[in-house]
Amino acid sequence: MAQPILEVRGIRKRFFATQALDGVTISLAPGSVHAVVGENGAGKSTLMNVIGGVYEPDEGDIILEGTKVSFRSPSDALGRGIGFVHQEIALCQHISVAENIFMPALNRPGFVDFQDIYKETKRLLADFEGHAHIDPRQKVRELGVSQQQVIEIVKALSVNCKVIIFDEPTAALTESETEVLFRIIGTLKAKGIGILYISHRLAEIYRIADTVTILRDGNLIETNAVSALDQVALVNRMVGRDLTDIYPAKAAPGTIGDAILTVKGLACKGVFKDVSFTLKQGEILGFAGLVGSGRTETARTICGLMRRTGGTVSLGGKELHIRDYRDAIREGIVYLTENRALEGLFLDLSISKNISVMDLGKVAKLSLIQAKAENGLAQRYVGEMLIKIASVGQKVNSLSGGNQQKVLISKLLSVAPKVIIMDEPTRGIDIGAKAQIYHLLRRLASEGIGVIMISSELPEVIGVCDRVAVMYEGSVCGVLEGGGVNERSIVQMACLSSEEQENHGRGVA
Ligand SMILES: Nc1ncnc2c1ncn2[C@@H]1O[C@H](COP(=O)(O)OP(=O)(O)OP(=O)(O)O)[C@@H](O)[C@H]1O
Ligand SMILES: [Mg+2]
């Protein structure tokens with residue numbers, strides 16, 4: 001084998017009580033994609049943060065092209081040719097796209113030719129097919145999540161790197177953007193660049209990675225050629241046990257009750273036009289459809305996060321007049337955002353503060369927050385949801401992605417909602433935690449809470465939901481149930497207008 005472009009040997013890193021990495025060694029060959037997999041909290045991001053100069057390891061060596069190095073900061077690592085696309089979008093929201101991409105250059109002393117960086121940004125964006133239209137002068141906060149993720153990637157590509165780390169790059173990308181990324185990764189490989197790639201989507205690993213390293217609880221379990229491990233073996237090694245029953249049983253016939261939430265002709269001008277559906281007691285209702293079909297916007301409009309311009313929303317037969325999210329919470333409707341880092345959590349605050357924040361009345365006496373009650377509330381959810389933490393006083397940004405998601409769900413449950421709308425609830429979450437969330441949704445539904453799950457991952461929609469509403473270009477084009485909840489029917493409805501479906505032949509199950 002050629003000399004590795006990068007090696008890490010015996011890396012150990014501890015955060016207070018957590019041994020995040022316990023002697024991990026990996027070796028990255030030039031022109032290859034090396035995947036790192038493991039459950040939430042296994043230590044994947046920590047390892048990447050060590051390689052990317054964010055954390056200094058407690059022990060162990062980093063060897064870049066045969067030479068031992070140590071990085072003082074992320075920009076130091078970048079200067080040595082290590083690019084890093086982080087798990088959570090870390091762009092500055094209030095400055096322009098171009099300024100974000102060229103931040104390292106802008107931070108150096110000297111004059112900056114803005115015309116130049118605008119031109120260069122345009123060129124870089126054009127390389128990421130389908131994004132040439134983004135204006136380099138536009139503020140990042142005006143872009144959607146997937147476009148922001150594209151900017152993160154373009155930023156890493158703008159520097160000539162020897163190694164590029166992608167930590168969950170596709171969690172926020174659309175399907176076509178993911179395809180573009182995979183093509184770009186192919187080009188990087190051909191140039192001899194080494195790629196470290198983290199994803200919970202195992203299908204991606206099998207598609208693009210050459211080698212895979214499995215981490216569990218900070219330990220290296222195995223490094224192998226991807227072709228030498230099948231998916232079942234990989235998952236079992238990740239979780240350290242045989243995983244069965246990922247999906248809970250569907251609602252038994254006869255346990256589905258009356259309508260809880262009825263939406264009729266809902267519209268949001270310029271975004272979607274005519275959304276109607278009912279959510280019944282005891283069921284999990286899925287929302288499928290392409291990214292951009294209006295699922296998220298529908299949820300946000302129901303919850304008062306976007307302005308309703310037509311139609312009605314009724315809860316238990318009573319028509320609601322929701323003007324903002326507070327109204328929605330008061331009525332008992334909560335929304336789990338697909339973008340937890342930007343609008344779901346206060347990353348700088350503790351776990352207990354994050355969980356109690358939606359209903360401080362619960363933990364306050366005479367308007368004073370009682371730390372004991374607050375911690376007790378958090379402790380209860382930590383136990384119920386199996387959140388892996390050192391203490392409830394820990395800041396949320398020190399938790400792994402999957403555990404952050406569980407904190408966010410706890411926060412919503414703390415107000416005892418009647419309806420919970422979850423937007424991509426398992427994005428970036430490992431398979432064990434996914435199974436826990438599916439079982440939790442089923443429990444909530446059986447306790448009488450209305451559950452809506454928006455998801456772009458068909459296997460989970462099919463595995464979890466009792467009925468599935470499919471959206472196409474801003475309206476619900478059909479609701480599938482029973483045997484109709486299958487991949488073929490969903491894809492057909494989601495991708496084709498009703499006339500096209502007619503032409504494509506009836507008789508499809
Ligand atoms: N800054 C920090 N302070 C305290 N603990 C931390 C910090 N960063 C990580 N940890 C802990 O180290 C462990 C490993 O976390 P890490 O983020 O590396 O996991 P991961 O494998 O990337 O998980 P995920 O798939 O959820 O992103 C976790 O238990 C996490 O809570
Ligand atoms: Mg991570």
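Here, residue 1 is the first one in the sequence, and each next residue gets the next number. Indexing begins at 1, ligand by ligand and atom by atom, following the structure's order. Note that this is a predicted model, so its numbers are computed, not measured.
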* Asked: Salt bridge between K44 and D430, side-chain N to carboxylate O under 4.0 Å?
  -> no
* **Sidechain N-carboxylate O distance under 4.0 Å for R443, E447** => yes
* Have a look around the Mg ion (ligand 2) and list protein N/O/S atoms under 2.8 Å, or say none. => S45 OG, Q87 OE1
* Contact summary for L377 and S414, nearest pair of heavy atoms -> CD2-CB, 4.4 Å
* Tell me whether the guanidinium CZ or amine NZ of K13 lies under 6.0 angstrom from the six-membered ring centre of F15 and within 45° of its axis. => yes
* In chain order, what residues pass the side-chain hydrogen bond (donor to acceptor under 3.5 Å, both in side chains) check against N100, with sequence neighbours excluded? -> none
* Asked: Around ligand 1, what residues show up once you keep those with a heavy atom under 4.0 Å from it?
  -> F15, T18, A20, E39, N40, G41, A42, G43, K44, S45, T46, Y55, Q87, H200, Q394, S398, L399, S400, G401, G402
* **Side-chain donor or acceptor of Q394 paired with backbone N/O of A390 under 3.5 Å** => yes
* **Summary of side-chain hydrogen bond (donor to acceptor under 3.5 Å, both in side chains) pairs that have at least one residue in residues 153-163, sequence neighbours excluded** => E65-K162
* Asked: Looking only at heavy atoms, what is the nearest atom pair of D217 and K388, with distance?
  -> OD1-NZ, 2.9 Å
* **Neighbour count above 12 (heavy atom, 6.0 Å) for E142 CD** => yes
